[in-house]
Chemist: 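Let me give you the structure first, and then I'll get to my questions.
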Amino acid sequence: HCLPDPRAALVELARVTTAGGILRGTTWVRGRGRRQDRFATALQMAGIFGNPPQAGDVRRWVQQIGFEDVVTRSTGAVEIFEARKQANCD
């Protein structure tokens with residue numbers, strides 16, 4: 001959520017994660033409530049946030065770039081994720 005291109009950051013993390021390695025993280029996401037979305041917009045305007053993904057984007061992205069066993073959960077506007085890199089992706 002603090003990066004201009006969060007998907008590109010995940011691609012880089014996939015590049016440096018060994019096969020079978022675990023990727024864990026958290027990010028602020030849009031789409032979990034109007035108040036949270038307005039807060040994210042204010043933080044973007046202040047230069048604190050980059051481009052927060054939409055709810056569900058992280059799950060889709062990590063699957064697309066070669067991770068499996070993806071688990072996500074949310075608490076408010078924070079999405080928590082964990083996934084294992086597929087053995088045949090290096």
Chemist: Grab the two heavy atoms, one from Thr17 and one from Leu13, that are nearest each other, plus how far apart they are.
Modeler: OG1-O, 2.6 Å

Chemist: Decide side-chain contact (heavy atoms from CB on, under 4.5 Å) for Thr27 and Val58; before the verdict, give the C-alpha distance in whole Å, the side-chain angles of both, and the deciding distance to 0.1 Å.
Modeler: CA-CA 9 Å; Thr27 189; Val58 172; 3.8 Å; yes

Chemist: Please find the pair of heavy atoms, one from Asn51 and one from Pro6, that lie closest to each other, and give the distance.
Modeler: O-CG, 3.2 Å

Chemist: Does the pair Val16 and Glu12 meet the rule for a side-chain contact (heavy atoms from CB on, under 4.5 Å), with working shown?
Modeler: CA-CA 7 Å; Val16 299; Glu12 178 61 12; 3.9 Å; yes

Chemist: Do you know the tightest heavy-atom contact between Ala87 and Ala19?
Modeler: O-CB, 3.5 Å

Chemist: Which pairs, with at least one residue in residues 18-47 and sequence neighbours excluded, count as a salt bridge (Lys or Arg N to Asp or Glu O under 4.0 Å)?
Modeler: Arg24-Glu82, Arg32-Glu79

Chemist: Which atom names give the shortest non-hydrogen contact between Phe67 and Gly21, and what distance separates them?
Modeler: CE2-O, 4.4 Å

Chemist: Nearest 0.5 Å, what's the OG1-CZ distance between Thr26 and Arg73?
Modeler: 10.5 Å

Chemist: Between Phe81 and Leu23, is a side-chain contact (heavy atoms from CB on, under 4.5 Å) present by the stated rule, with each step listed?
Modeler: CA-CA 8 Å; Phe81 59 94; Leu23 173 67; 4.1 Å; yes

Chemist: With under 30° as parallel and over 60° as perpendicular, where do the rings of Phe49 and Trp28 fit, or are they tilted in between?
Modeler: perpendicular

Chemist: Once side chain to side chain contact (heavy atoms under 4.5 Å, CB included) is applied, do any residues pair with Val70, and if so which ones, sequence neighbours excluded?
Modeler: Arg59, Val62, Gln63, Thr72, Ala83

Chemist: Minimum heavy-atom separation for Ile65 to Ala14, with atom names?
Modeler: CD1-CB, 3.9 Å

Chemist: Applying side-chain contact (heavy atoms from CB on, under 4.5 Å), run through Gln64 and Arg7 and close with a yes or a no.
Modeler: CA-CA 10 Å; Gln64 289 171 347; Arg7 187 180 190 288; 3.2 Å; yes

Chemist: To the closest 0.5 Å, what do you measure between CD1 (Ile48) and SG (Cys2)?
Modeler: 8.5 Å

